[in-house]
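Okay, so here's the structure we're looking at.
Start at 1 and go down the list; that is how both ligands and their atoms are numbered. What you see below is based on every heavy atom in this structure, not just the backbone, and it leaves out hydrogens, waters and symmetry mates. In this text the structure is predicted, and so the values were computed from the model without any measurement.
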Amino acid sequence: MRLTQSSTPLLDTLLSHGKKKVISFHTPGHKNGVGIIPKLRNFTKRNVYYLDVTVFPEVDSLHDPVGCIKHAQELAAKAYNSKHAFFLVNGSTTGNIAMLMSVCDPGDSIILSRTCHKSVLAGIILANIWPIWLQPKVDQKRDLIYEVSSEEIQRAIENYPEAKAVFITSPTYNGITTDLIKIAEICHKHNKILIVDEAHGPHLKFHPELPVSAAEVGVDIYVHSVHKVLSALSQGSILHVNSSRIDINRVKRVVSMLQTTSPNYFILASIDAARMQVVKYGYKIFSKIISYCEKAREEINKLPNISALTPKEIESKYYDFDPTKITINVTRTGLTGYQIEEILAKEYNIQVDCADMFNLIAITGIGTTKEDINRLVYALKDISKRYKGEYETWKLELPPLSTEVAMLPRDAFFSHNVKRVPLSKSVGYICAQTLTPYPPGLPVLTPGERITKDTVEYLQSLISYSSSGKHHPIRISGQETETLKTIKVIK
Ligand SMILES: Cc1ncc(COP(=O)(O)O)c(C=O)c1O
């Protein structure tokens, strides 16, 4: 059978198996839905459980694919012009860890910025590597944080020629992409491996009005959360390898080591379906979505106190913008993004993807309709008229984060040679924990890092800001005590 991009070999196999209603003497224990409690089954109906199967020859094995999974992965690789595609059932979280463990040997170092997702820090610890942290760019006018530019990557490679690889997050949550063309050129000129977390960009390749994607510029290894923008079920991601610089057998071993031996076939089949859908219909669907989003931004930008980030504000020599993301700044309402998120949910039945003190991020996807967008715009217009808050906004800023990493993060993370010291006395110690204040939503302290005066003062200012009662409290994730009075450090 000749497979084309219209084929969905894994989905077809699973559906044909499901339709047979085979008597199950395999896991899972619900046995084609019979054992699912009525409250749940009444809502979902029965058919979906016939697709929840285990590994057997008919449906192939994710860990050693020879049939429909192999074919589906090959089609995904072709769709993105990569050499190999690996389906992931625990999202790009696993993808990021797998990329680091595949590319780096213990003790290697890697250039990256703090904009990275928390899974990257997990990968650094698991792979036992040295991070060379770069300072992300803060845009105080728009309350946004950007990935580093190609110029900064060039400088970092010159300063740290020993680095094995460069890790880039593009697009960011807000849909801001960095200059991958130039970064790929720089990395390859200096013989560095380029790893890209493109979790938010599985659609980019399929529309000329979207920013250039990892697939198009020769990135060595990258990951897509197919579930974030396309139609895969949650957790469905693809890791792409597109380079002879990467040992493909090592990637296979690492991916297999990190994935469950009981993958959810419904997720796997939905990745296959989403690939076919975006290849065949992506251009048409995203043309519509881009135009709906443009219209929405225009309408939102007529409001006196709410605004939507526009491509024009971002597009530059270094950065580009994914117009399918609607980042809504609400600082002038006197309310926080968190509060407006709650109002949208409770009063308008709308849930955005995330909110911070300043912004809401409305992520559109292949299933977004014009009506959905109209409802969001209507709700924002209504909120703009009805609500006025009194929070004074915090100015988005970061301490210097390109700090000295004095100990391997893994050693600091697992160390028993630790003690707690008062925050005010922690300068100069090596940190043994991660602290991530929201905002800015990125770690200001990570294991292995030498604690600086700037970081301590920054944390102290967040604490006094939060405790003043006049502002929305700033949550500091990772603190192991009720209030952040002490930090865990290496003795
Ligand atoms: C930039 C980035 N990378 C990776 C991830 C993890 O992706 P997943 O949810 O597919 O595990 C996220 C999740 O939000 C993310 O924002």
Taking 4.0 angstrom as the limit and counting only heavy atoms of [X], give me the atoms of ligand 1 inside it, by number and element.
{"X": "Ala199", "result": "2 (C), 3 (N), 4 (C)"}
{"X": "Lys228", "result": "7 (O), 8 (P), 9 (O), 12 (C), 13 (C), 14 (O)"}
{"X": "Ser225", "result": "7 (O), 8 (P), 10 (O)"}
{"X": "Thr169", "result": "1 (C)"}

In the protein, what heavy atom is nearest to [atom], and what distance, to one decimal place, separates them?
{"atom": "atom 12 (C) of ligand 1", "result": "His117 CD2, 3.3 Å"}
{"atom": "atom 16 (O) of ligand 1", "result": "His200 NE2, 2.7 Å"}
{"atom": "atom 8 (P) of ligand 1", "result": "Ser92 N, 3.4 Å"}
{"atom": "atom 11 (O) of ligand 1", "result": "Thr93 OG1, 2.6 Å"}

Should the pair Glu313-Arg297 be classified as a salt bridge under the 4.0 Å nitrogen-to-oxygen rule?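 Not counted as a salt bridge, because no side-chain N and carboxylate O are separated by less than 4.0 Å.
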Going by an N to O cut-off under 4.0 Å, is there a salt bridge joining Lys78 and Glu74?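 Between Glu74 and Lys78 there is no salt bridge, as every charged N stays at least 4.0 Å from the carboxylate O atoms.
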Measure the distances from the heavy atoms of Ser237 to every atom of ligand 1 and state whether one is below 4.0 angstrom.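 In this structure, Ser237 qualifies as a contact of ligand 1 - some heavy atom is under 4.0 Å.
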I'd like to know if His227 contacts ligand 1, where contact means a heavy-atom distance under 4.0 Å to any ligand atom.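 It does; at least one heavy atom falls under 4.0 Å.
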Name of the residue among Thr115, Thr327, Asp353 meeting side chain to side chain donor-acceptor pair (under 3.5 Å) with Tyr173: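 With Tyr173 as partner, Thr115, Thr327, Asp353 yield a single side chain to side chain donor-acceptor pair (under 3.5 Å), made by Asp353.
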Would you kindly specify which portion of Gln235 sits under 4.0 Å from ligand 1, judged on non-hydrogen atoms: side chain, backbone, both or neither?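 No part of Gln235 comes within reach of ligand 1.
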Under-4.0 Å heavy-atom contact with ligand 1, by part of Thr172 that carries it: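 Neither; nothing of Thr172 gets under 4.0 Å from ligand 1.
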Check the angle between the aromatic planes of Tyr319 and Tyr146 and answer parallel, tilted or perpendicular using the 30° and 60° thresholds.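 The arrangement is perpendicular - the two ring planes meet at more than 60°.
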Below 30° counts as parallel, above 60° as perpendicular, anything between as tilted: where do the rings of Tyr49 and His30 land?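 Plane angle over 60°, so perpendicular.
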Tyr80 ring center within less than 6.0 Å of Phe206 ring center: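 Close enough - the centres of the two rings lie under 6.0 Å apart.
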Any non-hydrogen side-chain atom of Leu344 less than 4.5 Å from a side-chain atom of Leu360?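 Yes, side chains in contact.
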How about Leu88 and Asn90: do any of their side-chain heavy atoms sit closer than 4.5 Å?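 Result no, sub-4.5 Å side-chain heavy-atom pair not found.
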Shortest non-hydrogen contact between Thr364 and Cys293, atoms and distance: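 Shortest heavy-atom contact: CG2-SG, 3.7 Å.
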Would Asp197 count as a polar contact of ligand 1, with the cut-off being nitrogen or oxygen pairs under 3.5 Å?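 Yes, there is a polar N/O contact under 3.5 Å.
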